[in-house]
Amino acid sequence: MNFTNDKAIYIQMADRLMDEILADKYKDDDRIPSVREYAVLLEVNTNTAVKAYDELARANIIYNKRGLGYFVTPGAKKQILKERKRAFMKERLPELFRQMQLLGITLEDVKVAYDTQQS
């Protein structure tokens with residue numbers, strides 16, 4: 001995984017795992033890779049992976065079954081979608097609208113670009 005400098009690595013790891021849940025790689029009550037497995041996979045320190053898993057557990061996205069590992073919390077996908085939509089609408093959309101206005105991009109321009117992208 002290529003990490004960026006705009007967020008802490010453990011947050012980027014947590015985001016990746018949530019992306020995998022959204023993509024149905026892991027469904028409700030599925031076991032996810034262990035902390036060590038995920039650290040090796042992403043080539044990071046185990047302590048960084050622990051922080052990512054702790055963050056996800058605090059957010060109730062994953063839960064730990066002692067001795068068995070971590071699993072996806074039922075309803076996690078719905079929860080992730082709700083939070084990401086809220087963040088998009090509040091944080092990204094206003095800037096997008098501002099740029100569209102500055103550049104003279106209309107909603108019709110966006111629709112054409114979207115339709116082209118989907119083909």
Side-chain angles (χ1 to χ4, degrees):
M1 179 172 175
N2 293 326
F3 296 103
T4 62
N5 291 326
D6 64 337
K7 289 188 209 175
I9 291 175
Y10 79 94
I11 297 292
Q12 293 177 65
M13 291 177 67
D15 286 346
R16 177 187 165 135
L17 195 51
M18 287 189 288
D19 288 348
E20 292 172 341
I21 292 169
L22 288 176
D24 288 328
K25 182 173 181 178
Y26 304 111
K27 295 179 175 37
D28 289 355
D29 290 314
D30 279 356
R31 185 184 177 281
I32 61 173
S34 71
V35 169
R36 283 194 173 96
E37 290 168 341
Y38 214 54
V40 169
L41 176 69
L42 300 182
E43 299 176 345
V44 299
N45 184 294
T46 303
N47 292 333
T48 304
V50 167
K51 284 177 74 173
Y53 277 49
D54 285 348
E55 182 75 18
L56 292 170
R58 271 194 301 279
N60 205 29
I61 302 298
I62 62 174
Y63 64 95
N64 187 7
K65 284 186 182 177
R66 198 165 195 86
L68 296 176
Y70 284 93
F71 295 80
V72 177
T73 302
K77 181 176 179 175
K78 185 176 179 181
Q79 180 181 340
I80 295 165
L81 279 170
K82 180 180 175 183
E83 175 54 28
R84 287 207 176 163
K85 283 179 184 179
R86 185 210 57 78
F88 181 84
M89 298 299 272
K90 184 177 180 185
E91 298 163 14
R92 291 186 154 186
L93 213 48
E95 176 59 18
L96 177 66
F97 288 153
R98 188 180 81 77
Q99 288 294 320
M100 286 174 63
Q101 187 175 24
L102 287 172
L103 299 171
I105 297 172
T106 66
L107 289 177
E108 183 59 33
D109 295 334
V110 172
K111 182 180 181 337
V112 168
Y114 181 82
D115 291 344
T116 302
Q117 178 76 21
Q118 298 305 310
S119 315

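If you read the sequence from its start, that first residue is 1, and numbering goes on from there. Computed over heavy atoms, backbone and side chain alike; hydrogens, waters and symmetry mates excluded. As the structure is a prediction and not an experimental result, all values here were calculated from the model.
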*Does any non-hydrogen side-chain atom of Val72 lie less than 4.5 Å from one of Lys27?*
no
*Are Leu56 and Ile11 co-members of a hydrophobic cluster defined by side-chain heavy atoms under 4.5 Å apart?*
no
*Inspect the surroundings of CD in Gln101 and state if more than 12 heavy atoms from other residues, nucleotides or ligands are less than 6.0 Å away.*
no
*Measure across Asn60 and Gln79 and return the closest heavy-atom pair with its distance rounded to 0.1 Å.*
O-OE1, 3.6 Å
*Side chains of Leu107 and Lys111: does their closest heavy-atom pair fall under 4.5 Å?*
no
*List in chain and number order the residues that pass side chain to side chain contact (heavy atoms under 4.5 Å, CB included) with Gln99, two or more places apart in sequence or in another chain; answer none if no residue qualifies.*
Glu95, Leu102, Leu103
*So which heavy atom on Leu41 is nearest to which on Arg16, and how close?*
CD2-NH2, 4.1 Å
*So if you build clusters from Ile, Leu, Val, Met, Phe, Trp, Tyr with side-chain heavy-atom gaps below 4.5 Å, do Val110 and Met89 land together?*
yes
_Non-hydrogen side-chain atoms of Tyr63 and Asp29 separated by less than 4.5 Å_ = yes
*With sequence neighbours excluded, what pairs up with Lys90 under the side chain to side chain contact (heavy atoms under 4.5 Å, CB included) test?*
Arg86
*At what distance, to the nearest 0.5 angstrom, does CZ of Phe88 lie from CG of Leu96?*
6.0 Å
*Which heavy atom in Asn64 sits nearest to a heavy atom in Tyr70, and how many Å separate them?*
CB-CE2, 3.6 Å
*asked:* Can a donor-acceptor pair be found, under 3.5 Å and without considering hydrogens, that links the side chain of Glu55 to the backbone of Met13?
replied: no
*asked:* Are more than 12 heavy atoms, taken from residues, nucleotides or ligands other than Arg92, located less than 6.0 Å from that residue's CZ atom?
replied: no
Between side-chain atoms of residues 42-54 and protein atoms elsewhere (two or more places apart, or another chain), which donor-acceptor pairs fall under 3.5 Å?
residue, atom, partner, partner atom, Å
Asn45, OD1, Asn47, N, 2.6
Tyr53, OH, Pro33, O, 2.5

*Would a hydrophobic clustering, with Ile, Leu, Val, Met, Phe, Trp and Tyr connected at side-chain separations under 4.5 Å, put Leu81 with Ile21?*
yes
*Quick one: list whatever passes side-chain hydrogen bond (donor to acceptor under 3.5 Å, both in side chains) with Asp30, sequence neighbours left out.*
none
*Do the side chain of Thr73 and the main chain of Ala76 share a donor and acceptor less than 3.5 angstrom apart?*
no
*Under the side chain to side chain contact (heavy atoms under 4.5 Å, CB included) criterion, do Lys77 and Asp24 qualify, and how do the steps go?*
CA-CA 8 Å; Lys77 181 176 179 175; Asp24 288 328; 3.0 Å; yes
*Under a 4.5 Å cut-off applied to non-hydrogen side-chain atoms, are Leu68 and Arg31 in contact?*
no
*Residues in side chain to side chain contact (heavy atoms under 4.5 Å, CB included) with Arg84, at least two apart?*
Asp15, Met18, Asp19, Leu22, Ile80
_Joint cluster assignment, Ile9 & Tyr38, ILVMFWY side-chain distance < 4.5 Å_ = yes
*Applying salt bridge (charged side-chain N to carboxylate O under 4.0 Å, His left out), which residue pairs with at least one partner in residues 65-75 are found, sequence neighbours left out?*
none
